[in-house]
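Order of the sequence lines sets the chain letters (A, B, ...), proteins ahead of strands, with each chain counted from 1.
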Number of protein chains: 2
Amino acid sequence: MSANSRLTIAAHALAWIGLYQRQGHEVATSEQIASSANTNPVVIRRLLGELRAAGLVESRRGVGAGWTLTRDLKKMTLLDVYDAIEPGPLFALHRASPDEGCVIGHGIQPALQDVYAGIECTVRTELSKTTLEDVLQAVLAVPR
Amino acid sequence: MSANSRLTIAAHALAWIGLYQRQGHEVATSEQIASSANTNPVVIRRLLGELRAAGLVESRRGVGAGWTLTRDLKKMTLLDVYDAIEPGPLFALHRASPDEGCVIGHGIQPALQDVYAGIECTVRTELSKTTLEDVLQAVLAVPR
DNA sequence: TCAGTCGTAACAAAGATGGTTACTTCAAAC
DNA sequence: GTTTGAAGTAACCATCTTTGTTACGACTGA
C-alpha cells in the first residue's frame, strides 16, 4: 500500500459529482461514484462524510437521496480536501521520547520540527494552488 | 502511528555519528545510537543498512566494529536520506483501476499524476535545502 | 406502507512500521 | 587459535492504517 489514496478518491468523487450536476442531475449516489472509482459504496460514503463535516458536500436521505456540492468546484482547492481527510503530519517525530540526557536526544525534536513545518507549509501552498475545477478540466482534457 | 518516523530516526542517527566522530571517536555502535533514540539496536542497524546501500555510511565488523560517515555532514542533505529510505510516492493513485468507460474514471489518473508530481518536486527541493550539518547545528543550538 | 439511499457498526484482510529474540558471521585483540 | 564484541539477518509478533465487505437501522419521498 505504502502511500494512501484517500486524496485521490476524494478528488475523484468531487469531480464526478461536479460533472454529474453540470449535466443536469440533482444528486449523485455513493453507488454511482463507487462504480466509477471501482471501490465499495461504503468507502465513498465514509470519505464523503468527512468532506461533509468540512462543509464541502451535503447529503440527502430517503428516496432520491444522494450527494451534492455546497459550492462551485472553482472555489474548492485540493488543500480544502486534504485538510478534510488527512489528520496527521507528513513526517512523524520519534515514537518513543529520545534520551533527554544526550545532546542529540535533547535537541533533535525541536530541530526537526522546524524543518518539517517548513515542508508542510510548502505542500499546503502547492495544494491550495489547484482547484477541483482545475482537476475536472484536466480530466476532460485527457484524450480518449 | 499515522505518519512514519523513519526520516526522523535516520537523521538522529547521522547527527549522532557525526557529533561522536567530531569528538574524536572512530566508530559508533548501533547500541549507542539506539540508546540515544530510545529504540532497539536492530531497528538502527536496519535503517543504517539502507543508508549504507545509498553510500551515506559504512560499517565495520568484528571487535571495535561500528558505523562511520562516508562524507561530511555538510555534504549530506535530508533529500539524500529521504531517497535512501522512502521508496513510495507521497500520494497514491487508486488502489484498483477506475472505470475506463467513465469520463472521470478515464482521465482522473493522468490529471492527478501531474499535480502529485509537482508537489513531490517541491518537497524534494525543500528537503535538499537542509544539510545534516544544518540539523546538527540546530540541535546544538537548542537550550538545555 | 414501500422502496431506495444514507449512516454506521462490525469485522476481516493486507501492508507498513517498529520491537524483540536469537543466531550467524566477522575481525581485532589476546 | 581462542575469545570477544558488534554487525548481519531471519523470524516472529504487536500495533496501526487503510480498504473492502456485510449487515442493518434510519430516514424520506412517493
Separation of B/Ile108 CD1 from B/Asp99 CG (nearest 0.5 Å): 13.0 Å
Residues in contact with DNA chain C, drawn from residues 76-86 of chain A - heavy-atom cutoff 4.0 Å: none
Contact under 4.0 Å: A/Ser5 side-chain N or O vs D/dT19 OP1/OP2: yes
Any A/Ser59 side-chain nitrogen or oxygen under 4.0 Å from OP1 or OP2 of C/dG7: yes
B/Glu31 CD to D/dA7 P, straight-line distance once rounded to whole Å: 8 Å
Distance-only polar pair, side chains of B/Glu133 and B/Gln137, donor-acceptor under 3.5 Å: yes
Separation of C/dG4 C1' from A/Gln32 CD (nearest whole Å): 12 Å
Exceeds 12 heavy-atom contacts within 6.0 angstrom, atom CD of A/Glu26: no
Length of the CZ-P vector between B/Phe91 and D/dT17, whole Å: 18 Å
Sugar-phosphate only, base, or nothing, as touched by B/Gly49 at under 4.0 Å among non-hydrogen atoms: nothing
Whole-Å gap separating P (D/dT17) and CG (A/Leu90): 16 Å
A/Leu47 vs B/Gly66, nearer the 5' end of DNA chain D by closest nucleotide: B/Gly66
Donor + acceptor pair across side chains of B/Thr77, B/Tyr82 (<3.5 Å): no
Side-chain (A/Ser35) to main-chain (A/Glu31) donor-acceptor, under 3.5 angstrom: no
Side chain of B/Arg52 (C-beta onward), nearest among D/dT9, C/dA28, C/dC6: D/dT9
Nucleotide-resolved protein contact map, nucleotides 20-26 of chain D, B/S/- at heavy-atom distance under 4.0 Å: BBBB-BB
Side-chain N,O (B/Ser30) to OP1/OP2 (D/dA6) below 4.0 Å: no
Gap separating the CG atom of B/Asp114 from the CG atom of A/Asp134, nearest 0.5 angstrom: 12.0 Å
List the atom pairs, with distances to 0.1 Å, where a side-chain N or O of residues 12-19 of chain A and a protein N or O form a donor-acceptor pair under 3.5 Å, not counting sequence neighbours.
| from | atom 1 | to | atom 2 | distance (Å) |
| --- | --- | --- | --- | --- |
| A/His12 | ND1 | B/His94 | NE2 | 2.8 |
| A/His12 | NE2 | A/Ser36 | OG | 2.8 |

Axial bend angle, the helix from C/dT1-D/dA30 to C/dC30-D/dG1: five-pair end segments, nearest 10°: 0°
Contact under 4.0 Å: B/Asn4 side-chain N or O vs C/dT17 OP1/OP2: yes
Within residues 6-29 of chain A, residues whose heavy atoms come under 4.0 Å of DNA chain D: A/Arg6
Minimum heavy-atom distance between A/Ile85 and A/Arg6, given as atom pair plus value: O-NH1, 2.5 Å
Test side chain to side chain contact (heavy atoms under 4.5 Å, CB included) applied to A/Trp67 and A/Val57, A/Ile44, A/Val27, the passing residue: A/Val57
Value in whole Å for how far the P atom of C/dG19 lies from CD1 of B/Ile44: 9 Å
Salt bridge (charged side-chain N to carboxylate O under 4.0 Å, His left out) contacts touching residues 80-92 of chain A (sequence neighbours left out): A/Arg71-A/Asp80, A/Asp83-A/Arg124
Pair B/Arg52-B/Ser59, side-chain donor/acceptor within less than 3.5 Å: yes
Residue pair A/Ser30 / A/Arg45, side-chain donor-acceptor N/O under 3.5 Å: yes
Interatomic distance, B/Trp67 CH2 vs D/dA6 C1' [rounded to whole Å]: 10 Å
Evaluation steps, side chain to side chain contact (heavy atoms under 4.5 Å, CB included), between B/Leu136 and B/Arg22: CA-CA 11 Å; B/Leu136 177 55; B/Arg22 209 161 288 186; 3.8 Å; yes
Atom pair OG1/CG of A/Thr131 and A/Leu73 - distance to nearest 0.5 Å: 7.5 Å
Whole angstrom value for the distance that separates P of C/dC6 from CG of A/Leu51: 14 Å
